[in-house]
Each structure stands twice: as C-alpha cells, then as structure tokens.
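Working notes, beginning with the structure itself.
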There are 2 protein chains.
Amino acid sequence: MTTTTQTRKPGARARLIAAAERLFYAEGIHAVGVDRLCAEAGVSKRSLYQHFGGKDDVVTAMVQARADEFGRQLTGENRSPRGRVLVVFEALDRGSEAPDFHGCPFVGAVTELKDRDHPAARLAREQKNRLTEYFQAALIDGGARDPGLLAPQLTLIFDGASAHAMMHFGSTPATRQAVETLLSAHGM
Amino acid sequence: MTTTTQTRKPGARARLIAAAERLFYAEGIHAVGVDRLCAEAGVSKRSLYQHFGGKDDVVTAMVQARADEFGRQLTGENRSPRGRVLVVFEALDRGSEAPDFHGCPFVGAVTELKDRDHPAARLAREQKNRLTEYFQAALIDGGARDPGLLAPQLTLIFDGASAHAMMHFGSTPATRQAVETLLSAHGM
DNA sequence: GTCGAAGTACACCGATCAGTGTACTTCTGA
DNA sequence: TCAGAAGTACACTGATCGGTGTACTTCGAC
C-alpha cells in the first residue's frame, strides 16, 4: 500500500515525472539528458534507476502521466453535446496562447521517438483514439448525422490547430469556424 | 559559376543535404550525429565544416532543400481550381501509406528544434504560409465564398491528416470527406 | 531503539557528441 | 603541365551521453 498511501512530500518518482513532463515538452526528449533531468527534479541519479528501467521508461511514465491528466480534462461535465465538442477547442485555444506552447505533447512524443512500437508511442496513439471516442459520444448524444465520420474529422482539426499554434505562436479563428461548419453540415 | 555549373558527380554539399533529408526525417535531428551523417553521405567530416557553419547550418540547408521540392510540387498544373486543392491531399494520401512516413517534415523540424527563431524553423513556417496561399489562389479561381477563411482551414486539415497518418500508420477517409464538406459549404 | 526502506553523494564506465588541426590526395581548367 | 580548388584520412579536443558501483545518510514503523 506504499504507492497508494498519501505521503507528506512528493517522492522521487513523482518529482522525476513532473520534471520530465516539463523538460521533455519544452526542450525535447533527446535534448534533455538524465543528469539534467535529475538535477531539475532534485533527485539523485541513483534514485532514477531505482524507480525506472532507464530513460525510455521515464519517457513512457511521463506520457502516461500526461494521458491521465488528459483523461481527467476530457469530461465536459454539465455541458450540452455541442458544448462538449467546443470545450475541447476552447481549451486548446487557451493553451495555444501560452508562450511555451509546443503543440500536442502526444504528437510531439511520437515525432521525436520515431519508433511506432515504443510503449510511449502506443500510449500517445491511444490518447488520439480516446479524443475521437469522446467526440463521437458527444455527437451521438447530439443526434449528429454520421458521428463515426465527423468524430475523426474533429480530431483532425484538433491536431491541425495544434500544429498551427506551434508554428505560428497562437490560435486561428479558422479552427472554430471549421468546427462550426462541420458540425452544422452534420445537422448539429 | 562553379556552383551553378552542372558537374558529373554530386558534390559533397549536395550529398550531405541528401543524407540529411533522409536521416533527419527518418530518425530525428537530435538522434543523428555529424559523424553518422558524414558516413552515410560518404563525405569526410572536414568537408562538412568547409561547406557549413555547423550542424544547425546543415539542418537549415536540409529544410531549404525540402522547401524547394515542396514549391516545385505545389503547381497543380492542368487542373481545375477544385482539382488543385484535391491534388494536395491525394499526394499526402500517397505519401502517408509509405512505411517510413513520419508526418510533415516542416512540422517535425519545428517540433524537434523547439526554438521558434531558428532559421530552419522560420523556413518551415514559411512553407505553411505558402501552402495556405496556394489554396487561397485556387479557391479564388474557383469562385469560393471567403477564400481567406477556407484556405487556412484546408491547411489545418492537411496538418491534422499528416499527424493522423504518422500516429496511425496511414491515411483516413475522414480527411477527404472533411475537405469536400468544407469546399461545398463555401460553394465550391 | 533499532531495522529496513528510501534516498544521496560521487566517482566511474565506454560511447558518442559537435567541432578542429594537420597533412595528404585527387580532380580540373587554363 | 601545373596551380589551385575540392576533398580525404585521421587523430584529437572537452563535453556530454546513458548507465553503474559503492558507501553513506535519513527517516518512519514497529
């Protein structure tokens, strides 16, 4: 029960994951070494290798942590079906304006890792499916025509908008307009 | 005139850029060292530093080369306005099916470099603008309503489709359908 | 009070990183 | 033919890479 029990101060593992989320996203996975990671986490190198099998394992745990947060955000509680779709793009718009925005962390991880079979890449891929399923559920609730087609289209827009924001330092009104056009084309 | 004159065998510079296009795309910019790059190009390390200021300079030249090829492909000759839009997505669909597809090289470069002011990142950004302008010109020719809004939306779909193909090993029919929906929503 | 788990400090490993210095060869154009 | 440009071979730099071995400390539970 040691892992689930609440401790006063965050353990080495948690601090390493937090530092990995920050550094790998801001500077890149290959650009940040384990020495640097440990230093920023305030954790000894020895501890890293007691909690993780290696750097790749830290990367996987970091993506897993991102996935957990993503799942937690993906509720759309107290919203209409249409609102549950739009809330995703509103959140992206907000995030895009931050000066340290570097695109979708899941797409970024796969881009850097290249290896499609990397455990972290598998996790990242699952998050895209999760987003599409979230959209689809909202679309079904809203009575949209062909939710199975519209849902992946919204994920397409999401990833395109992420890329745009990364390349051009901010969001574009074209995103919202595209979502509206696609929604109304499907009677929603 | 030495640089513009056609020589029998490709020089060291050209071979380095060709190797850089291949290796940096397939394995990542940070994952490929200069020794490795020179070995694959069949060029001595000394020659690299005679032609380029450093690795960053090679990266920039590689993105420039990609940009030149991109511009050459972006003609859409002998096509209807609508066809000039669709040909872009047909080309992406074809490229997406390759097992060594890793998404848009321009987005990938910016993702890896992080630094928005890097010369290669600037070049990459310009290519996105170029694509949007290409779309806009075709849309104007086709008499679309609000080409200034629709064009960036098509670029959004393009980048979303690239990301999807990288994450899921191939294209999706949702892309084409989304393009059709947006086009017809703008009377084209 | 003591025992074990958790964590730290730090030196160390071979490999690779980007980049340089020096001396040699190979090709080409006048 | 011969000068100069283009390129190669290779040793070498200091820094960093991911990862390990060993000995020490800190701290909470029983």
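Below, chain A is the first sequence line, B the second, and so on; all start at residue 1. All figures in this text were calculated on a predicted structure; none of them were measured in a lab.
At D/dT20, none of the side-chain N or O atoms of A/Tyr49 fall inside 4.0 Å of OP1 or OP2 (strictly under the cut-off). Between B/His51 and D/dG7 there is a side-chain N or O to OP1 or OP2 distance below 4.0 Å. Considering only side-chain N and O atoms, B/Ser44 lies nowhere under 4.0 angstrom from the phosphate OP1 or OP2 of D/dA9.
In this entry the distance linking CG of B/Leu48 with C1' of D/dC10 reads 16 Å, nearest Å. The separation between B/Glu27 atom CD and C/dT16 atom P is 14 Å, rounded to whole Å. For the pair A/Lys55 NZ and D/dC17 P, the computed distance is 8 Å after rounding to whole Å. Taking atom CZ on A/Arg15 and atom C1' on C/dG7, their separation rounds to 9 Å, with Å as the unit. If you take NZ of A/Lys45 and P of C/dG7, they are 18 Å apart, rounded to a whole angstrom. Remark: C1' of D/dA5 and CZ of B/Arg13 are 16 Å apart, rounded to the nearest angstrom. Rounding to whole angstrom units, CZ of residue A/Phe52 and P of C/dG7 are separated by 11 Å.
Contacts of B/Asp57 classified as side-chain hydrogen bond (donor to acceptor under 3.5 Å, both in side chains), with partners at least two apart in sequence or in another chain: none.
Nucleic acid contact for A/Gly53: none, since no nucleic acid atom lies under 4.0 Å from a heavy atom of the residue. Backbone-only contact: A/Val32 has heavy atoms under 4.0 Å from sugar-phosphate atoms and none from a base. Heavy atoms of B/His30 sit nowhere under 4.0 angstrom from any nucleic acid atom.
At least one side-chain heavy atom of A/Ser171 sits under 4.5 Å from a side-chain heavy atom of A/Glu97. Residues A/Leu131 and A/Phe70 are in side-chain contact: their nearest non-hydrogen atoms beyond the backbone lie under 4.5 Å apart.
Candidate nucleotides C/dG7, D/dT22, C/dT20 were compared by shortest atom distance to the side chain of A/Ser47, and C/dG7 ranks first. For A/Asp35, counting side-chain heavy atoms from C-beta on, the closest listed nucleotide (D/dG7, D/dC17, C/dA18) is D/dC17. Distances from the side chain of B/Arg46 to the nucleotides D/dA9, C/dT8, D/dG19 place D/dA9 closest.
Using bins of under 30°, 30° to 60° and over 60° for the plane-to-plane angle, the ring pair A/Tyr25/A/Phe101 lands in the perpendicular bin.
Position along DNA chain C of the nearest nucleotide to B/Arg36 versus A/Gln50 favours A/Gln50 as the more 5'-ward residue.
The main-chain N or O of A/Ala124 is never found under 3.5 Å from a side-chain atom of A/Arg66 such that the two would form a donor-acceptor pair.
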